[in-house]
Amino acid sequence: MPPRKKQPAAGNTVSTKTKAMSRSPAEFFADNKSIAGFDNPGKSTFTAIREFIENSLDASEEARVLPDIHIQVDAIPKSIARPDLYGKNSPVKGSKQDALERALEEEAANFEDDDMDETADGEMIDDIASNAAPKPASKKSKSSGKSSLSGSNSKAQSYYRVTVRDNGLGMPHSEVPNMLARVLSGSKYGVQQARGRFGLGAKMALIWSKMTTAGELVAYTAQKGRANITFCKLDIDLHKNEPKVKLLEKLPNDGTTVSEILDRPFPPNWHGAEVSVMFEGNWVGTSGGMRSRPFVIKYLRNLAVITPYAQFTLHYNPLHGVKDKALRVLFQRRSEAMPPIPKVVKHHPLGVGLTKIEELVRQALEHDSACDLKKFLMRSFSFVTTKRALEIIDELGSKFSEELLLTKFTQPMQMHLQKILKKLDWPEPEGAALSPAGPYNLYLGIVKEFNPEMVVTQVESPRVFEGHAFIVEAAVSIGGKSLSQGINVIRFANRIPLIFETGSDLVSKTAQEIKWSTYKINPTTDKIGVFVSLVSTKVPFKGTGKEFISNDCMEIKEVVKNALQKCCVQLKNKIGKREREKSQRGRKAHLLQYVPTVAGSIFSVLKHVQEDIDDPSVGETAVHKRLRLDYGSTGATTAVAVVSNSAGKERLRETLRMVGDRELSQSMLETKLMKHVEQYDASEALEFMSQQGKKNADLRPDDLKIQRQRVNPECFQFTCHGLRITVPRSVCHPLSMPTEGVA
């Protein structure tokens, strides 16, 4: 009898039959949170705040109202966030976990946080608001017996509620559940510039809340002119990718409705949205991952640069009884000029792939089941007129005709169409789909947040990369606060600050290639701010984090480098102008320094001449010879020459009489000399400003009348009581300055 085969244990059996399974988008992103920026509690806190703010900006700009956005972060007790673990009936109450919680709360209470507790107008300390990466949280000594606050392996858990309120467009009552709790549901899928495109922001925050606290999303929203405020509480069904509505009701919009989250009423006829979620996070270093507070503040400061027409307030409220510092930050509005809303345009023929053509065919058939090829080309692609559509059909070959129905437009035909579209010549994409901040807003934002000594801006014309239009705005600043010595790169993509992976970005590498010393800029000691904003219908991000643009995008890199070099040329001119003005101020100070000595020498000569005239033994000829000494040929042996005209003798007699009668003193000469120096300085300044195209500049003292005149480069001339006196420049040099009056 053959031996019996050993049967595998029931638990070890492997079925040879596999069954295909599908996953919803919500399940996919729940398992791949890092794609959306929800890597750990710290990064998730930052990403949730960022997504809510950007949604609020989009809603306000679409409503064409100046954004006013309030962000509030509240620390939540664990017993409230996770009553199943830390409530009164918790199975771990009194266990090691509870002891660890108390220890970590005590550690958080004693945590030395150097960040400021209350600020106004975005005033930050350097390690938070500077472009350099924020410093990691300090670790406690091992002797204290406490775990590190900033360590990524810490088992501490901290919970926060993030609430963002805006004054934007609001959401329709019936669409609120889908807009906030259905993944990949959004309104930004057209060909236009957009901050977000995948409909993940609020949904991922809700998924993170569900995974860490089994929490819900609470929202208030109202549209302009509506008499009601929509109030809802939502959960999400990950398997079905559908919202689970716990509460959806209408409240009066008459000023009596009070937010149960912020505990303050909504103003009458309010419009906008208030969204709130609670989740495990890391604000000051008491949980896993990075500390989100410095990154949030840095993000808001950079956002205030690119959107100076918006106002942001940030409030952080710690747990009651914990000595963590509360936070109040205000980034005030500086501009009221909002960029235009980007228009939705058709797809550029060079920017579509096979999958996009398949999608366009499907959308065309949904709109018109009898759509033919000619209509499809004209409706789906930009720059395709009737004539151009017929040319494309001719290029496709004899198997294609303008009456060909899209229902018979097979995939091989679609592949052939893509090949023909790539082959033909097309104009560059339209810039109407783009909405840059503009040089005015960029300049105001930089000045408001960084207060540099000088700043210049440059906006390049629209260009194209892989069939998508893009515009580069650049600015370079020198000096200012919150910037470290060297090159500080601040990047924006579609008016969103890019905070992470700065060193890998195209802008950072391009800034390092600029020869700064050529433009009178020291890249080591000067505080250089490099601001580059890229807007495009499709930003070519590298990696899943979407935080940087690869350096191999040569078309974009060329435009960025050209814009930065133009900024540097402007800065070079400004630096040269500043040096000339500094030299002019130094020359003026040098002249004023020797005014008393020169006045004393002139008065001494006049006094000696007056005495000689009174002396009968000295003739008039000798007196005039003394006054008309040739100082140029005798090595500046005298300091004064009197220039006379037909009435010179009478003026001379009157001046000498005033000296003899003590009506003209040395102090009066000093005053005349100082006034002449001021007049000469203002005259040169006016000439310089007129050369710069600023003809209306008034640099004159109130009581000084400037008359343009030829200036002798070898001497100064001024008039004292009708007597014109000439002083050689050599007199003002310390080596030539006489120590006594001229005899």
Side-chain angles (χ1 to χ4, degrees), residues 48-72 161-190 192 194-206 216-234 236 243 245-277 303 307 309-313 333 336 338-342 344 435 495:
I49 295 174
R50 166 179 169 170
E51 293 288 352
F52 286 156
I53 292 174
E54 290 169 6
N55 288 343
S56 295
L57 283 173
D58 287 336
S60 298
E61 291 173 1
E62 188 174 352
R64 305 311 293 166
V65 297
L66 296 174
D68 191 349
I69 301 174
H70 174 76
I71 308 104
Q72 183 163 312
R161 178 177 290 279
V162 172
T163 307
V164 176
R165 177 189 287 191
D166 63 62
N167 61 336
L169 193 64
M171 293 173 278
H173 177 80
S174 59
E175 295 295 327
V176 172
N178 284 330
M179 296 183 73
L180 296 179
R182 186 188 296 273
V183 175
L184 301 184
S185 172
S187 58
K188 303 175 185 177
Y189 290 99
Q192 66 176 147
R195 291 188 172 91
R197 191 174 295 277
F198 304 109
L200 289 178
K203 294 86 167 178
M204 280 305 303
L206 175 56
E216 59 192 11
L217 183 145
V218 180
Y220 295 86
T221 182
Q223 293 185 297
K224 192 172 184 179
R226 299 288 183 176
N228 297 315
I229 296 176
T230 298
F231 174 48
C232 66
K233 295 183 179 181
L234 302 172
I236 183 171
V245 180
K246 296 184 176 181
L247 177 65
L248 181 63
E249 62 180 0
K250 294 183 179 180
L251 303 175
N253 192 8
D254 56 2
T256 59
T257 301
V258 179
S259 169
E260 69 175 30
I261 305 300
L262 298 181
D263 194 25
R264 63 180 185 181
F266 294 96
N269 301 315
W270 172 71
H271 57 87
E274 177 183 303
V275 183
S276 179
V277 290
L303 189 61
T307 56
Y309 52 87
Q311 179 164 295
F312 304 97
T313 56
R333 181 180 294 111
E336 294 187 356
M338 295 178 62
I341 299 177
V344 179
S435 177
R495 293 192 269 127

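If you're wondering where the values come from, they're calculated on a predicted model, not measured in any experiment. Because only heavy atoms are used, hydrogens play no part in the values below, and waters and symmetry mates are left out as well, while side chains stay in.
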Straight-line distance of [X] [atom1] to [Y] [atom2], nearest 0.5 Å:
{"X": "Leu169", "Y": "Glu61", "atom1": "CG", "atom2": "CD", "answer": "12.0 Å"}
{"X": "Ile69", "Y": "Glu54", "atom1": "CD1", "atom2": "CD", "answer": "10.0 Å"}
{"X": "Leu251", "Y": "Ile229", "atom1": "CG", "atom2": "CD1", "answer": "6.5 Å"}
{"X": "Ile71", "Y": "Arg165", "atom1": "CD1", "atom2": "CZ", "answer": "12.5 Å"}
{"X": "Lys224", "Y": "His271", "atom1": "NZ", "atom2": "NE2", "answer": "5.0 Å"}
{"X": "Ile53", "Y": "Asp58", "atom1": "CD1", "atom2": "CG", "answer": "12.0 Å"}

Nearest heavy atoms of [X] and [Y], plus distance in Å:
{"X": "Pro243", "Y": "Arg182", "answer": "CD-NH2, 3.8 Å"}
{"X": "Ala205", "Y": "Ala48", "answer": "CB-CB, 4.2 Å"}
{"X": "Ile261", "Y": "Ser276", "answer": "CG2-OG, 3.6 Å"}
{"X": "Thr221", "Y": "Gly272", "answer": "OG1-O, 3.0 Å"}
{"X": "Ala202", "Y": "Leu180", "answer": "CB-CD2, 4.1 Å"}
{"X": "Leu234", "Y": "Pro177", "answer": "CD1-CA, 3.8 Å"}

For the residue pair [X] and [Y], establish whether any side-chain heavy-atom pair is separated by less than 4.5 Å.
{"X": "Thr257", "Y": "Trp270", "value": "no"}
{"X": "Ile341", "Y": "Ser435", "value": "no"}
{"X": "Met204", "Y": "Glu51", "value": "no"}
{"X": "Val275", "Y": "Asn55", "value": "no"}
{"X": "Leu66", "Y": "Gln311", "value": "no"}
{"X": "Cys232", "Y": "Leu247", "value": "no"}

Any donor-acceptor pair under 3.5 Å linking the side chain of [X] with the backbone of [Y]?
{"X": "Lys203", "Y": "Met179", "value": "yes"}
{"X": "Asp166", "Y": "Ser60", "value": "no"}
{"X": "Asp68", "Y": "Asn167", "value": "no"}
{"X": "Arg226", "Y": "Pro172", "value": "no"}

**Prompt:** How are the rings of Phe231 and Tyr220 set to each other: parallel, tilted or perpendicular (split at 30° and 60°)?
**Reply:** parallel
**Asked** Does a salt bridge link Arg264 with Glu274, judged by any charged N lying under 4.0 Å from a carboxylate O?
**Response** no
**Asked** More than 12 non-hydrogen atoms from neighbouring residues, nucleotides or ligands closer than 6.0 Å to CD on Glu336, yes or no?
**Response** no
**Request:** Classify the side-chain pair Thr307/Arg495 by whether it contains a donor and acceptor separated by less than 3.5 Å.
**Result:** no
**Pair Val176-Val245, side chain to side chain contact (heavy atoms under 4.5 Å, CB included): steps then yes or no** = CA-CA 10 Å; Val176 172; Val245 180; over 6 Å; no
**Complete:** Residues passing the ring-ring contact (aromatic ring centres under 6.0 Å, His included) test with His173, sequence neighbours excluded, are none
